[in-house]
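Within every chain, numbering begins at 1; the chains are lettered A, B, ... in the order of the sequence lines, protein sequences first and strands thereafter.
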2 protein chains.
Amino acid sequence: MPTTPDSGPGGPSRRRASGGRRRPGPRRRLSLELIVDTAIELVEARGLSALSMRSLAERLGTAPGTLYTYVANRSALEALILDAVVARDGLPHELPGTWLEKLETWARKDWVTFREKPWVMELRRANPDFGPASVIWLDSALRVFDGTELPAQVKLDMIDALDAYVLGAATVDVQSNGRAPGPSPELSGKLDEAQLKVPTLFQALSTGATPFSASGFEFGLHCLLAGFRAIAEETRDAPPQAP
Amino acid sequence: MPTTPDSGPGGPSRRRASGGRRRPGPRRRLSLELIVDTAIELVEARGLSALSMRSLAERLGTAPGTLYTYVANRSALEALILDAVVARDGLPHELPGTWLEKLETWARKDWVTFREKPWVMELRRANPDFGPASVIWLDSALRVFDGTELPAQVKLDMIDALDAYVLGAATVDVQSNGRAPGPSPELSGKLDEAQLKVPTLFQALSTGATPFSASGFEFGLHCLLAGFRAIAEETRDAPPQAP
DNA sequence: TATAATTCTGAACAGTGTTCAAAGATGCAA
DNA sequence: TTGCATCTTTGAACACTGTTCAGAATTATA
């Protein structure tokens with residue numbers, strides 16, 4: 001189904017069957033781009049929870065139902081928003097350094113983005129669809145490995161693994177934000193009880209160690225990348241079955 | 001369980017101030033345990049989206065408002081549900097093998113749970129609170145390292161990193177479930193266009209490689225654990241600053 | 001100018017979490 | 001036993017949510 005660029009991909013009425021002539025009906029007062037941009041403004045200002053079809057419509061000066069002429073439903077709108085912010089600042093393959101260094105700074109950049117804009121993370125988690133920008137992003141991620149002898153599947157697996165780790169770590173981090181970074185208040189409240197019931201945890205915390213530490217993300221990132229490097233060296237030393 | 005089993009910790013009215021004598025008022029017809037168990041039944045049968053204060057109240061034969069005498073709000077209810085299913089089947093330190101093997105099979109077990117019961121994963125993502133069972137679980141996770149010379153912070157970092165990876169990977173996996181495991185339909189639909197715009201991705205997919213592959217989780221797990229092992233060996237060869 | 005097609009509006013529907021006054025139930029003291 | 005204070009339950013209500021839909025308004029074409 002060749003959806004025309006004029007009316008949105010999710011819009012119920014497909015105007016201009018690639019012919020070009022406008023079909024009867026009043027002119028559209030909005031556009032997909034305007035809707036998505038306004039939605040992003042709204043989310044950026046007041047968080048994802050402040051985005052509703054009603055609030056968005058109000059900001060646009062229309063009735064809520066009007067939006068459904070441009071977008072199939074809220075889920076489709078979120079997909080558009082996500083695709084609009086994917087790869088907003090640079091693509092992975094444009095980064096400097098070796099392929100490992102590119103992976104590293106890309107992961108770190110995503111980590112920063114997720115922490116600064118949790119709504120991007122929430123959208124990514126809730127929306128499985130791969131929009132055009134996401135496809136281009138994946139292509140760019142693969143280009144990071146240009147000049148490497150790794151099998152395509154390994155490249156994809158590395159991308160996925162790194163992506164999963166960053167997503168998971170950011171999720172946990174955003175969750176535990178605002179909580180005490182020191183010994184958890186739950187435990188410090190009943191110290192003697194903790195010493196009895198969870199002695200190992202108690203002892204670990206009393207050394208000054210803390211779960212969800214600031215160094216936590218870097219630690220896991222380092223480990224994962226070390227594993228990547230090892231795999232790459234193995235592959236180089238023992239090339240594919242058919243030499 | 002230190003909290004009196006009668007009235008819940010989240011209940012607005014704290015009955016029996018550990019004195020013992022009942023205070024005036026009708027007998028409670030429900031209990032926290034009953035509420036949580038029924039909620040779990042409901043979720044297990046029809047998914048997390050089927051759980052609402054109304055549906056739960058109906059299943060319990062009461063009015064929705066009644067639930068708020070036992071639980072502060074929906075979020076608190078979810079926390080109770082989560083804590084009730086955490087470590088349902090075994091604790092990490094009870095697993096066989098070396099500490100690395102314990103970590104590995106624990107991660108794999110969580111992975112399986114998350115895929116089979118996505119609602120557990122959703123609850124974990126949405127609920128930052130560490131309930132009593134979660135604290136015990138963390139204690140058990142630390143005991144995995146018993147007999148190891150690793151610093152407490154490293155142990156916690158390893159636990160967090162592994163946890164984050166499993167959570168992220170399961171999230172992505174559950175998302176992309178139901179989608180074609182082969183070349184994405186979006187791309188195969190417009191092959192010639194893909195060949196032009198995203199040649200690297202196109203080429204990778206044409207070799208039979210696929211993103212979100214079945215092997216993806218195991219790959220990342222392997223890499224992460226390899227990193228752990230390397231760190232552990234480093235630490236053993238170069239013990240802490242003050243020998 | 002008439003017709004068909006499209007958009008926009010405003011009300012409505014079913015659902016959500018949550019609150020609250022009133023009613024009923026219970027223990028205790030007088 | 002009577003009265004009272006306290007607690008639980010109820011059912012209605014509030015403010016939301018996404019979504020649908022008949023009707024009104026607008027536009028291009030025959």
Has the side chain of B/T200 got a donor or acceptor atom that lies under 3.5 Å from a matching backbone atom of A/D139? no
Taking B/Y70 for the side chain and B/I35 for the main chain, is one N or O donor matched with an acceptor at less than 3.5 Å? no
Rounded to whole angstrom units, what separation is found between the [atom1] atom of [X] and the [atom2] atom of [N]?
| X | N | atom1 | atom2 | answer |
| --- | --- | --- | --- | --- |
| A/E58 | C/dT9 | CD | C1' | 15 Å |
| B/L60 | D/dT9 | CG | P | 11 Å |
| B/E78 | C/dG17 | CD | C1' | 12 Å |
| A/L30 | C/dT6 | CG | P | 19 Å |

Return no unless some side-chain N or O of B/R29 is found under 4.0 Å from OP1 or OP2 of D/dT10.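 Looking at the OP1 and OP2 atoms of D/dT10, one of them is under 4.0 Å from a side-chain N or O of B/R29.
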Return no unless some side-chain N or O of A/Y70 is found under 4.0 Å from OP1 or OP2 of C/dC8.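 For A/Y70, the contact criterion (side-chain N or O under 4.0 Å from OP1 or OP2 of C/dC8) is met.
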Below 4.5 Å, heavy atoms only, C-beta onward: do B/I81 and B/W119 meet side chain to side chain? yes
Side chains of B/V172 and A/L167, heavy atoms from C-beta outward: is any pair under 4.5 Å? yes
Let me check the geometry of the helix from C/dT1-D/dA30 to C/dA30-D/dT1. What is the bend angle between the axes at its two ends, five pairs each, to 10°?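 Rounded to the nearest 10 degrees, the bend comes out at 30°.
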Check step by step if side chain to side chain donor-acceptor pair (under 3.5 Å) holds for B/S52 and B/S55. CA-CA 5 Å; B/S52 72; B/S55 66; 3.2 Å; yes
Atom of B/L156, atom of A/P211 and distance for their closest heavy-atom approach: CD1-N, 3.7 Å
Summarise how protein sits on nucleotides 11-18 of chain D as a single string, 5' to 3': B when a protein heavy atom is under 4.0 Å from the base, S for sugar-phosphate-only contact, - for no contact. B-B---BB
In 5'-to-3' order, the base (B), backbone-only (S) or no-contact (-) status of each nucleotide in nucleotides 22-30 of chain D, using a 4.0 angstrom heavy-atom cut-off, is ----BBSS-
What I want to find out is whether [X] reaches [Y] closely enough, with some N-O distance under 4.0 Å, to be called a salt bridge.
| X | Y | result |
| --- | --- | --- |
| A/E44 | A/R88 | yes |
| B/E78 | B/R74 | yes |
| A/D110 | A/R124 | no |

For the residue pair A/F217 and A/W111, does the interplanar ring angle fall in the parallel (under 30°), tilted (30 to 60°) or perpendicular (over 60°) class? parallel
Hydrogens and angles aside, do B/T62 and B/R29 bring a side-chain donor and acceptor to less than 3.5 Å of each other?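 Short answer, no.
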